[in-house]
Amino acid sequence: MSFFVDLRKAFDTVPHSILWKKLYNLGISYQFISTIRTGMQRRSKTSNPNSKPWFDRECYLTKKNTKSHLKIYMKSKKETDRVNYISKKKFYAALIRDKKKNTTNHCMKIYQAILMTLKTFGKQ
């Protein structure tokens with residue numbers, strides 16, 4: 001049996017200052033807490049809590065560029081414009097796939113580090 005726990009929403013709803021203090025009070029080293037804080041600060045910062053952490057400026061600009069190529073093709077109906085649009089669309093899809101994968105890997109590394117620290121703390 002396996003399960004997946006999405007900690008992003010939980011993490012985003014907790015006041016971070018309280019979380020860091022609780023972890024420190026549990027005996028987790030300041031250095032480890034600092035590493036987690038740094039990792040979480042690297043995430044995209046937006047005002048929308050439902051935003052996607054992997055959707056950064058590069059994704060936005062690529063999406064915008066892809067849409068502009070679609071508009072060009074819709075106006076001209078030329079085969080070269082269609083090919084350009086399809087190429088941009090494929091590039092955008094690959095970019096999104098890579099960003100999601102990298103973000104998931106980053107979150108999993110943090111999650112695994114937290115679990116290892118908690119296991120180590122439990123053995124003391």
Side-chain angles (χ1 to χ4, degrees):
M1 176 190 291
S2 64
F3 62 94
F4 178 76
V5 178
D6 186 359
L7 296 176
R8 284 183 308 200
K9 296 288 184 194
F11 182 82
D12 290 339
T13 60
V14 173
H16 296 165
S17 59
I18 294 172
L19 177 64
W20 307 135
K21 287 177 187 174
K22 293 240 182 219
L23 289 173
Y24 185 76
N25 290 339
L26 285 172
I28 295 174
S29 73
Y30 177 78
Q31 182 180 7
F32 180 74
I33 295 170
S34 179
T35 302
I36 295 172
R37 287 175 70 176
T38 302
M40 290 302 178
Q41 289 169 352
R42 288 185 192 150
R43 298 182 316 158
S44 299
K45 293 186 179 183
T46 63
S47 58
N48 182 358
N50 296 321
S51 67
K52 298 162 182 72
W54 48 264
F55 195 87
D56 59 7
R57 182 165 174 76
E58 182 183 13
C59 293
Y60 170 76
L61 294 175
T62 305
K63 181 179 181 179
K64 188 175 175 180
N65 185 275
T66 303
K67 283 184 175 183
S68 71
H69 280 283
L70 175 60
K71 288 178 184 177
I72 291 169
Y73 167 63
M74 295 304 286
K75 285 182 182 179
S76 72
K77 300 292 184 187
K78 292 180 184 175
E79 182 62 21
T80 55
D81 290 334
R82 186 183 76 79
V83 169
N84 282 337
Y85 165 66
I86 290 172
S87 171
K88 297 292 181 183
K89 186 177 176 182
K90 287 180 180 178
F91 177 78
Y92 176 66
L95 175 68
I96 295 300
R97 192 171 44 250
D98 290 345
K99 293 283 185 173
K100 285 181 179 180
K101 181 179 176 184
N102 290 340
T103 301
T104 301
N105 289 343
H106 179 72
C107 290
M108 286 306 297
K109 286 178 185 175
I110 291 172
Y111 178 68
Q112 288 170 349
I114 291 170
L115 286 179
M116 290 301 294
T117 302
L118 292 175
K119 286 179 183 177
T120 303
F121 176 73
K123 291 178 183 177
Q124 294 177 351

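For this chain, numbers begin at 1 and follow the sequence in order. Only a predicted model underlies this, so the values are computations on that prediction, with no experimental measurement involved.
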> Tell me whether Y60 is reachable from Y92 by hopping between hydrophobic residues (I, L, V, M, F, W, Y) whose side-chain heavy atoms are closer than 4.5 Å.
yes

> E58 and T62: which non-hydrogen atoms are nearest, and at how many Å?
O-OG1, 2.8 Å

> Do K99 and F55 make a side-chain contact, defined as non-hydrogen atoms from C-beta onward lying under 4.5 Å apart?
no

> Starting at NZ of K64, measure out to CZ of R57 and round the result to the nearest 0.5 Å.
8.5 Å

> Measure the CG-CG distance between L70 and D81 for me, rounded to the nearest 0.5 Å.
11.0 Å

> If I take atom CZ from residue F91 and atom OG1 from residue T66, how far apart are they, to the nearest 0.5 angstrom?
8.5 Å

> Quick one: pull up CG in N102 and CZ in R97 and give me the separation to the nearest 0.5 Å.
12.0 Å

> Under a 4.5 Å cut-off applied to non-hydrogen side-chain atoms, are Y73 and V83 in contact?
no

> Is the number of heavy atoms from other residues, nucleotides or ligands under 6.0 Å of K77 NZ greater than 12?
yes

> Give, for atom CD1 of I96 and atom NZ of K63, the distance between the pair rounded to the nearest 0.5 Å.
8.0 Å

> Distance from N84 atom CG to N65 atom CG, nearest 0.5 Å?
10.0 Å

